[in-house]
Every structure is written in C-alpha cells, then in structure tokens.
Amino acid sequence: PICRTKVLSVENIFRSFISATTGGTPGIIAAAASIRTIGERLGEENSKYLLSVVISELKDLQNHLDTLTQEHRRYLNTDWLPLFVDADRKARATRTKERVHRIARILCHAAKVDPVQPADYTEELMRVAMVLDDRDVLVLREIYESQKDSLFGGRVRRTTVHSKWPHGQLNARGFSDGELESICSKLHSYGLIRPVEDRRLNNLADEPIPHGLLQKGADFVRHVEEK
C-alpha cells in the first residue's frame, strides 16, 4: 500500500506526471492511479467527517425516537435514509470540509423537523451546498439578515428590497462591486435570491443591482445555521 504522506505529496504527483510524459502508456496509467488514490482517500475523510457531524447533531433525536409521530418515523425509514446515502455521495465528491458540514446540517435538519419536508427539497438544498463557497454563503447570510423579516409569499417585495439591500455592509466586509455581482448571479442561478432593478432609476446607473431574498435562500441559511 502507498503511505498517506506519499499519496498526498505534490512532489510525488509531479514526478508521476513526468513519468507519464516520458514513459508512454504505462506512465499515464501510473499517474492516473495516483490521482484516483488521492480522490479515494479524500472522499473517505469527507465521509467520516459527515458521519461525525450527523452523530453529534442527532444525539437528542436518537434519545427520543419513541416520542416521534408515526409520520415522522415513516419518513426517517423510507425517505431520510436514502437522503443519508445521497449526502455521503455528495460529501465524497466535495472538496472542502465547510461544504461537507453544510451538507450534514441540511441532512440533520430534515431528520429533526416535523412536519417533514419533501425529500426532493432536502436533496436540492444539499446539491446547492456542494457548490456554494464561504464567500457565497456570507453574501446570502447578509441578505437574509437584512430581509428575513420582510419575506412574505416566498419573496421580498420589490420596493422593500431596495430599502433593505445590504450593499454598504457587503462593501464594508471586503466585497467589491464586481465580486458582489458575480456572487449574486450565482445565488440567483440556484433560486436563492432574485434581482430587483429600480425601474425609476437611470438605466445607465452603475450600481450593483439589488437582490431580494427568496424562500429557498432563507431555508438554506436556516438549515445550515440552525442551533
């Protein structure tokens, strides 16, 4: 077996690249095997981390299984267990522990909440957790904190968005207008927020377009930050 330090050594990986370019097909096969080994080991670490978070988060639930409603118990057995398998698959394919932690929190929220939420919705939120980095989540959280009390019917009204758009706060946190626009576009693409232009303003104005919180964005923040 290859030792862990050797597997995760950049120097050894680069040597395998050199072997691949000079050794023809055998060298390429050896280099590919090294990369696969790294992926397998990192995936295993992420899987263990996911399980540790789930065990910690669900301690109270484990002690009160006999008090759950029949519908809640049915959900855990028929829907939540497949979600756990899906979460493990997602965790293994994710690079950072922070993303794995958010996947685990969403999974645990689904186990604890009663009435239960649709399994497809939980699966979708975990999919989103795979692709959002810490900066993305920070922007979403700032929008959530500014607008959560104005969320009605699954969205924040257009006029309210403009008065509760945390542009200044995000600039103060180190987000340039360019980065903010990029992140908001990403969050919008996953249905977490929506752009809301002020139609009364000059179309040539160069301020970032305000974005309003959507229900899915609020749920994502609540699920990953629930105490």
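Note that the structure is a prediction, hence the values are computed from the model and not measured. Heavy atoms only: backbone and side chains are in, while hydrogens, waters and symmetry mates are out.
Side-chain contact annotation: Arg127 with Tyr190, donor-acceptor N/O pair under 3.5 Å absent. Residues His211 and Gln147 have side chains that never bring a donor and an acceptor to within less than 3.5 angstrom of each other. Counting only N and O atoms by type, the side chains of Asp177 and His167 include a donor and acceptor under 3.5 Å apart. Side-chain contact, Asp219 with Tyr121: a donor N or O sits under 3.5 Å from an acceptor N or O.
The side-chain heavy atoms of Leu50 and Ile103, taken from C-beta on, include a pair separated by under 4.5 Å. Inter-residue side-chain proximity for Gln117 and His223 is flagged as met; some heavy-atom pair is nearer than 4.5 Å. Between Ile106 and Phe220, the closest side-chain pair of non-hydrogen atoms falls below 4.5 Å. Side chains of Arg102 and Met126 form no contact here, defined as non-hydrogen atoms less than 4.5 Å apart. Within the 4.5 Å cutoff, the side chain of Ser150 has heavy atoms near those of the Lys164 side chain.
When every heavy atom of His72 is checked against every heavy atom of Lys112, the shortest pair comes out as CE1-O, 3.5 Å.
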- Task: For side-chain hydrogen bond (donor to acceptor under 3.5 Å, both in side chains), just list the numbers for Thr69 and Asp114, CA-CA rounded to whole Å, side-chain angles, deciding distance to a tenth of an Å, and then say yes or no.
- Result: CA-CA 8 Å; Thr69 65; Asp114 188 23; 3.3 Å; yes
- Message: Between Asp79 and Arg74, is the salt bridge (charged side-chain N to carboxylate O under 4.0 Å, His left out) condition met? List the steps.
- Response: CA-CA 8 Å; Asp79 291 331; Arg74 184 206 63 78; 3.8 Å; yes
- Message: Quick one, Glu179 with Arg135, criterion salt bridge (charged side-chain N to carboxylate O under 4.0 Å, His left out). Give me CA distance, side-chain angles, the key distance, then yes/no.
- Response: CA-CA 10 Å; Glu179 183 184 12; Arg135 300 281 283 179; 2.9 Å; yes
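In this structure, Arg222 does not pair ionically with Glu225, as no charged nitrogen and carboxylate oxygen lie closer than 4.0 Å. Salt-bridge annotation for Glu44 and Arg92: present, with a side-chain N of the basic residue lying under 4.0 Å from a carboxylate O of the acidic one.
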